[in-house]
Amino acid sequence: MPEDTVIPVIPPAAPSFLSEAARAGLEVPIVRTPFPAVDDVAGWTSYVEQSDAFVAEMLSGMAFPMESSLEQIAGVPTYVVTPSGAPTGDDSPVFLSIHGGALIMGGGDLTRVMTEISALSAPVVHWAPDYRMPPEHPYPAGLDDVTAVYRALLEVRDPSQIIVGGGSAGGNLAAALMLKAKDENLPMPAGLVLLTPEVDLTESGDSFTTLADVSVGLQSLLDVNALYANRHDLTEPYLSPLFGDVTGFPPTILISGTRDLYLSNTVRMHRKLREAGVNADLHIFDARPHAGYGNAPEEAAVSAEVGAFVQRCLQSA
C-alpha cells in the first residue's frame with residue numbers, strides 16, 4: 001500500500017486450530033492508510049496506482065489453467081476467462097464476474113488476474129468487465145458499465161445460464177445490478193454470488209466498530225465511498241444495495257468471516273434477502289478475514305461452497 005501510513009495496530013492472536021499459513025495471514029499488523037482529500041484528483045490517482053502496484057506484485061508469478069482474452073463488449077473492455085475444461089459454445093453458462101477493489105482499484109490487468117482466481121471456484125466461462133472507476137469516472141459510471149455488459153450477455157445467453165457475482169466492491173455492483181435490472185425489467189440470472197459484499201457505503205453495521213482492530217487487510221472506506229458516490233446520498237440503493245428492495249432477487253450465496261470488517265454487511269444483506277422471500281445461503285467462516293485465507297488450506301472450503309452453489313443454480317434453472 002502507499003507509504004504514508006499511520007501507526008500499525010496489532011490484531012489478536014489467531015486461533016490455534018488454524019493452519020500455520022492462515023495464522024500468519026491473520027497476525028500481520030493492521031496498517032490504516034490515510035486517504036487524499038475528496039477533490040484531490042492527483043492524490044487519488046497516485047493512491048490507486050500505488051495500491052494496484054502493491055497487489056500486482058503480490059499476485060505476480062501466479063499462473064492458472066485457463067485462457068483469457070480482452071474483448072470490447074457493449075463498449076466496455078471485458079476479460080473473457082475460460083478455465084481448462086470449462087464448457088464452451090453458444091449455450092454454455094457464463095459467470096458475470098465483477099471485480100473488487102473498494103470501487104476505485106483492481107482495473108486493467110488486475111481484473112484478469114482476480115477473475116482467473118475467482119474462476120478456480122466456478123469452472124465456467126467468466127466475463128469480467130473492466131468497469132470505469134474514480135477519480136476520473138465516479139458513480140454511476142461503473143454501474144452503467146456492468147449493466148451494459150449484462151444486457152449484452154442476455155442477448156447471447158438465456159438467464160438460466162447466467163450467474164452474477166463479485167466480492168467486496170464487486171459484491172456492491174453485483175447487488176446494485178440486480179436492483180437496476182429489476183427497475184429496467186431485465187430478467188434475473190440463475191444465481192447471485194456475494195462474497196463479503198460492500199453493500200452499505202454508510203458503514204452503519206456493528207462490525208465496522210467491533211472488528212476495526214481485528215480485520216486484517218481492510219479499514220473504513222468512508223472517504224473512498226464519498227469519492228465514488230460523487231455527492232450522491234450514500235443511502236441511495238444503487239450505491240448501498242442493502243437499503244434497496246431485494247424482492248425477486250435470484251438465489252444467493254453470501255460469504256464472510258468473523259474477522260471480516262464487512263461481516264455486518266453480509267449478515268444484514270442475508271437477513272434482508274430472507275425477509276423478502278429470497279432463497280439465500282449464508283456461510284460465516286471462523287477467523288476468515290475480508291480477503292480470505294489466501295493460499296491457506298482453509299480457503300478450499302470457501303471455494304467448494306461457491307462452486308457447489310453455482311452448479312446447483314445452473315442445474316435447477
Side chains of R132 and E136 in contact at under 4.5 Å (non-hydrogen atoms):
no
Once ring pair (Phe, Tyr, Trp, His ring centres under 6.0 Å) is applied, do any residues pair with F208, and if so which ones, sequence neighbours excluded?
Y262
Less than 3.5 Å apart, which donor and acceptor atoms pair up between the side chains of residues 162-173 and the rest of the protein, not counting sequence neighbours?
unit_1	atom_1	unit_2	atom_2	d
S168	OG	H290	NE2	2.8
N172	ND2	E198	O	2.8
N172	ND2	L239	O	2.8

Kindly say whether Y238 contributes a backbone atom to a donor-acceptor pair with the side chain of K180 at under 3.5 angstrom?
no
Other residues, nucleotides, ligands: >12 heavy atoms within 6.0 Å of R274 CZ:
no
Flag if over 12 foreign heavy atoms under 6.0 Å of CD, E184
yes
Rounded distance (nearest 0.5 Å) linking atom CG of D286 with atom CZ of R259:
8.5 Å
Tested for side-chain contact (heavy atoms from CB on, under 4.5 Å) against F35, the lone hit among L227, D40, L221 is L221
Once you round to the nearest 0.5 Å, how far does OG1 of T258 lie from CD1 of I284?
8.5 Å
Polar side-chain atom of E298 near backbone of L18 as donor-acceptor pair, under 3.5 Å
no
Would you indicate whether the side-chain heavy atoms of E116 and L120 approach each other to under 4.5 Å?
no
State yes or no: do L96 and V306 share one hydrophobic cluster built from I, L, V, M, F, W and Y residues joined by side-chain heavy-atom distances below 4.5 Å, directly or via other members?
no
With side chains defined as the heavy atoms from C-beta onward, is the minimum distance between P12 and V214 less than 4.5 Å?
yes
Are more than 12 heavy atoms, taken from residues, nucleotides or ligands other than E67, located less than 6.0 Å from that residue's CD atom?
no
Identify all side-chain donor-acceptor contacts of residues 71-88 below 3.5 Å with residues at least two apart in sequence or on another chain.
unit_1	atom_1	unit_2	atom_2	d
E71	OE2	S69	OG	3.3
T78	OG1	V76	O	2.9
Y79	OH	G108	O	3.4

E155/R151 salt bridge by N-O under 4.0 Å criterion
no
Checking side-chain polar atoms at under 3.5 Å, does R268 have a donor or acceptor matched by the opposite partner on S204?
yes
Which word best sums up how the rings of F285 and H283 line up, parallel for under 30°, tilted for 30 to 60°, or perpendicular for over 60°?
parallel
Verify the cluster assignment for V302 and M114: are they in a single hydrophobic cluster under the rule of side-chain heavy atoms below 4.5 Å apart?
no
Main-chain N/O of N265 paired with D200 side-chain donor or acceptor, under 3.5 Å:
no
Check whether K272 reaches the backbone of P241 with its side chain - one donor and one acceptor, N or O, closer than 3.5 Å.
no
Do D130 and L70 come close enough that some side-chain heavy atom pair is under 4.5 Å?
no
Sidechain-backbone polar pair: S215 side chain, A212 backbone, donor-acceptor under 3.5 Å:
no
Test your reading of the model: is there a side-chain donor-acceptor pair from R157 to the backbone of D90, 3.5 Å cut-off?
yes
Any chain of hydrophobic side-chain contacts (each under 4.5 Å) joining I253 to Y293?
yes
Quick one, L282 and R271 - any side-chain contact, counting heavy atoms below 4.5 Å?
no
Please tell me if the side chains of M178 and P189 come closer than 4.5 Å, counting only heavy atoms from C-beta onward.
yes
Test your reading of the model: is there a side-chain donor-acceptor pair from S97 to the backbone of A128, 3.5 Å cut-off?
no
Can you tell me if S240 uses its side chain to pair, donor with acceptor, with the backbone of L201 under 3.5 Å?
yes
Whether the side chain of Q161 engages the backbone of D91 through a donor-acceptor N/O pair (distance < 3.5 Å, no angle test) should be reported.
yes
Trace of the side-chain contact (heavy atoms from CB on, under 4.5 Å) decision for F249 with L179
CA-CA 8 Å; F249 268 37; L179 294 174; 3.7 Å; yes
Do M188 and K182 make a side-chain contact, defined as non-hydrogen atoms from C-beta onward lying under 4.5 Å apart?
yes
Heavy-atom check, side chain of I117 versus side chain of L59, under 4.5 Å:
yes
Would you compute the distance between atom CG of D144 and atom NE2 of H137 and round it to the nearest 0.5 angstrom?
12.0 Å
Would you compute the distance between atom NE2 of H126 and atom NE2 of H99 and round it to the nearest 0.5 angstrom?
14.0 Å
Straight-line distance of D183 CG to T147 OG1, nearest 0.5 Å
10.5 Å
For D233, is the CG atom crowded, meaning more than 12 foreign heavy atoms sit under 6.0 Å from it?
yes
Go through the steps for V94 and V156 under the test side-chain contact (heavy atoms from CB on, under 4.5 Å), then give the verdict.
CA-CA 10 Å; V94 174; V156 296; over 6 Å; no
Is V38 reachable from V48 through a run of hydrophobic residues whose side-chain heavy atoms are each under 4.5 Å from the next?
yes
Distance col, row L242:CG vs M269:CE, nearest 0.5 angstrom, shows 6.5 Å
Verify whether one side chain among E299 and S303 offers a donor that lies under 3.5 Å from an acceptor in the other.
no
Does T202 reach the main-chain N or O of L234 with its side chain, forming a donor-acceptor pair under 3.5 Å?
no
Mind checking whether F95 and L177 sit in one hydrophobic cluster, side chains of I, L, V, M, F, W, Y counted as touching below 4.5 Å?
no
